[in-house]
Amino acid sequence: MAPTKGSAKVPRLLAVDDEVMILRFLRTALDTGEYSLHQAENGHAALAAATACRPDIILLDLGLPDLDGIEVIRRIREWSQVPIIVLSVRDGDDDKVEALDAGADDYLVKPFSVTELRARIRASLRRSLHQASEPLFNCSGLQVDLSHRRVVVRGEEVQLTPTEYDLLRLLVNHAGKVLTHGQILRGIWGAAFAEHQNVLRVNISNLRQKLEKDPSRPKYIVTELGVGYRLESD
Amino acid sequence: MRTGEDTRPSPEALLKVARAESADEEQAKLKIFLGYAAGVGKTYAMLEAALQRKRDGRDVVVACLASHGRNESDLPLEGLEIVPHAKISNPNGILPELDLDAVLARRPQIALVDELAHSNVPDSRHRKRWQDVEELLAAGIDVYTTANIQHFQSLSDVVAQITGVTVHETVPDRLLDLAAEIRLVDLPPEDLLQRLHEGKIYIPEKDALATDRYFKLGNLMALRELSLRRAAARVDDQMRAYMESRCIAGPWPVAEKLLVCVSGSPFSERLIHTTKRLADETKAVWHTVYIETPGVNRYARENRERVWRDMRLAESLGAQVATLTSISVAEALIDYAVKNNITKIVVGKPTKPRWREVLRQPLVDKIIRQSGSIDVHVVSITKEQKDKSKGAPPPGRPTLWAGYLQSLALVLVTSLVCEPAHRYLSPTNLVMIYLLAVVLAATRLGRRPAVLTAFLSVLAFDFFFVTPRFTFAASDPASLLTFVALFTVGVVISTLVSQSSERAEAIREREVQTASLYYLSRDLAVASDLPGIMDAMVRNIEESLGAQIAVFMPEGERFEMKQASSELSLGVKELAVADWAFKNRSPAGRGTDTLVSAALLYLPIATNGDLHGILGVKLADETGYTSPLSRRLLQAFATQAALAIERVRLGKQAEQAQILLARESLERALLNSISHDLRTPLVSITGALGALRDEDNSFDRQARAELIDGAWEEAGRLNRFVGNLLDMTRLESGALRLKLVPCDVQDLFGCALAALEPRLDGREIEVLLPSSLDLVRMDMVLMMQVVVNLLDNALKYTPRESCIELAAGLAGQTLTLTVADRGPGIPEKDLKRVFDKFYRLPVPEGAGGTGLGLSICKGIVEAHSGNIRAENRDGGGLRMIVALPLT
């Protein structure tokens, strides 16, 4: 389906929120020519808009009047892989994990800064455009060559154990996106290990010792507290 | 001599009226159709009244009707619903019984229950029908019932006196007092006899014998008078109550106060009944006392049990009871009477033979002599009653026969020993050997075998050793003196010995009781919560009575077993019995009159006002259920436990009040803080926005940037404050649930530093971590907040150039996290207070905190079972130390 609007190159955003003030703010901040913004004020409208205007990114509030945001994520995920960024006042880690496990790509707690939101949108767009196509990951001194299994940090090659490498590859494949503990554990150790967080923590810690300049202040592998980990992508 | 003032109704009287009037609206009413003999037409009258009520539109059912074999068509039953009788099998076939549960389930407005004095068959819930009636009333169902005058407890002995027939099925007098209405069903005795002869009155076969003695014109006239008088007394009561409540002056009787003394004698019961009657007639208050003297007989078991029973009877009849200790009964009695303004003392007429009065002045005489202005009312005791009340012989020692045989053997052995000795000893010395045997018998075999031993010893001594030997004849008249002396000494010794051993036994029993009560109260005093109390109860009662115990308590809507002896398992039925006992606030089960087929005895755990639960007891010894001794002990246990439970509950209430108070003051502080801390950032934000919004503002680029930066910072502050408030609320409401997962401390520090990044503003924080640190179980999100808050404080309160250290360390089984700075520190006296809510130190540059940060830290750390403290560093600065247990 070719987009009907003339601005074919401009990414379309769908903002879903029942607060008119928030929608107004998002419009001001985002609808500047860089993106085009569509809006929906409840869950059903959001589902309809998602099929009708085929957005490139959905910005979703969880507390909607008719449907719970989590339910909206599940229904969209039934047929679409469009990146979903959750914007919510719920700051509990349970809420974050639930949304991410349901298929959300990112989670921002309100109030957030526009700069932060723009960065997340850019990262998501980049991921959806170059998905798994680039074998070479490069981010401020960290280079991962997936085709040759080579990891270079600040110009020096690093030796990783197979598990550490698998872990890093998983993060690289989802660079910029938060992966929950459960998602990582299932992806690398299998579903039976979904609750074994200490295995994950030990490996992350080892990985940081090898990659980070100061493991106490990690720059590459960032902990999303109580939720999971994210590999910085730029 | 009453003054005008006294015509004012007493508060008690008004209260009573108020109660009765309010009770009128809610409480179920009892109506008794009272007759003086069978056949006067009580049942008929009751049915007619019921039909009348039914026509008035009330919901009336017949719960129980004793047809007595008469033709039911004679009775006006038309259209009355009859609740089917419960069929309870008993050895004599199937008997129709009142089906209490069916009636309770049916919930009519009025239930007819014939024959109030009826005794239920075993296996029924209650022993007596009047208990059924009480339960119906308690359930809010009006009851119509029939009863004959002779069945009322306090009148039963008078009736027995009149008719010579002892009534076994009695109803407590309080039912008469309870009745909202007493309808006297009267028929002249002549007509009644006429009906009897015509065979219109049903007499159960077993009573046929009694009938002849009962249905005599004289008896019937006396009974009729009795019933009329009782009904009149009731009307009089109502009249008086009415006059009292309306301040109508009337011929008030001088207030009487009666006193009766029980002694454990079989007549005490009658004395109590008589006193109750006298008290009722004169509207008097009455007291019952038992005076413990160090004399004979006081310690005999059956005697004590009888005293206890009598005191309970008196109490149930409305007397004030007291137990006194004194050497002289008469003196103690008079003393008590004077102190309590008693106007009349009731005593029994002496029944002992006259010759004994010569030896000992009868109590009556003593009392009369000392009574002064107090009247003494002497009540006669008939021979018949004396016999009756003696009743069955005390269960005594079953080994009595064995004892007699042993005493016989003892005398034979003694004689055999004396045989070789008599050649060397004079007969008087042989007597000593026999005396030894008597003493032995007295100590080992009890009083009666000892007396027998004395008697046999006299015979044996006479037969074997007094010349002429082997005859009962005695040549020397002096030996007669020896016989008398031997026998007398034997009897006296045996009496004394048996008394002292009984006394010793009683003392030992009491000692055991006192000790077990002491242990219980000691354990209860230590117990600080309900489980502790129940533990102490179960353990102590198990130990002191060898019983199995279950404790039941209400839990919300449900009633359930809270604690029990380990080997005790109870079915649904037992729980139902306990439930009944709880709802009805009275003992039930084994050894009571209610639900006797239960396996356990259930006692309420209650203090004056409040019922806390039910104590279920399974005794090892079957006789324990009825023995007043163990019952009394159990009662004491239950009361002690109830007091302890009450203490705990009151303590909890006080604690809650304290908490409430603290919360109130906190809320005030919170409100102050919110109004200040929420508004302050809003001032700069709205100020900046307002300025920028103003169209003709003339700010240059830099001024605009400053305005925007200020608003941005303040918005961040506002956001943090709201976050803190939310955290505090979560911590305090207990909504905080720790998610303990193994955490990497390095990761924890990393997250904290990342979160602080925007506020760090280029300041350095030195991180000190031991090279190898295992994962530590904690809630990482919350602990990160602790670290962030501590670092944030350090940043806020210290000069820019000073250094801040963040360190972790292991000390034994404790992980310590330390944040140390080189700031001004905190005055020593405030080191503890910094963790209080809304405690703030003045901040150098005015960017104050919320006063919540450290108290949130404290809450989180304590939720991890750790602790947090602040100390001033050597060389200046503050160190905050968080200690977490590793387990």
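A quick note: this is a predicted structure, and the numbers were derived from the prediction, not measured. The figures that follow rest on heavy atoms only: side chains count, while hydrogens, waters and symmetry mates do not. Chain letters run A, B, ... following the sequence lines, proteins first, then strands; residues in each count from 1.
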So, taking the atom named [atom1] in [X] and the one named [atom2] in [Y], what distance separates them when rounded to the nearest 0.5 Å?
X: A:Ile221; Y: B:Asp747; atom1: CD1; atom2: CG; result: 10.0 Å
X: B:Gln746; Y: A:Asp214; atom1: CD; atom2: CG; result: 7.5 Å
X: B:Met780; Y: A:Thr223; atom1: CE; atom2: OG1; result: 5.0 Å
X: B:Ile765; Y: A:Ser216; atom1: CD1; atom2: OG; result: 11.5 Å

- Query: Given A:Gln197 and B:Leu775, is the side chain to side chain contact (heavy atoms under 4.5 Å, CB included) satisfied, shown in steps?
  - Reply: CA-CA 11 Å; A:Gln197 286 197 21; B:Leu775 300 185; over 6 Å; no

- Please flag which part of A:Pro218 lies under 4.5 Å from any non-hydrogen atom of chain B: side chain, backbone, both or neither.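 Contact with chain B is through the side chain of A:Pro218 alone.
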
- Task: Using non-hydrogen atoms and a 4.5 Å limit, figure out which bit of A:Glu212 sits close to chain B: side chain, backbone, both or neither.
- Result: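 Interface part for A:Glu212: neither.
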
- Is it the case that more than 12 heavy atoms not belonging to A:Arg24 sit under 6.0 Å from its CZ atom?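 Not more than 12 within 6.0 Å, no.
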
- Message: If you count heavy-atom pairs within less than 4.5 Å of chain A, which of B:Asp744, B:Leu726, B:Val745 leads?
- Response: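 Greatest number of close heavy-atom pairs with chain A: B:Asp744.
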
- Portion of B:Val781 that has a non-hydrogen atom of chain A nearer than 4.5 angstrom: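 Both the backbone and the side chain of B:Val781 come within 4.5 Å of chain A.
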
- Task: Could you tell me which portion of B:Leu769 (side chain, backbone, both or neither) has an atom closer than 4.5 angstrom to a non-hydrogen atom of chain A?
- Result: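 Contact with chain A: side chain only.
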
- Task: Output yes when a side-chain donor or acceptor of A:Arg201 lies under 3.5 Å from a complementary backbone atom of B:Pro742, and no otherwise.
- Result: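 It does hold such a pair.
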
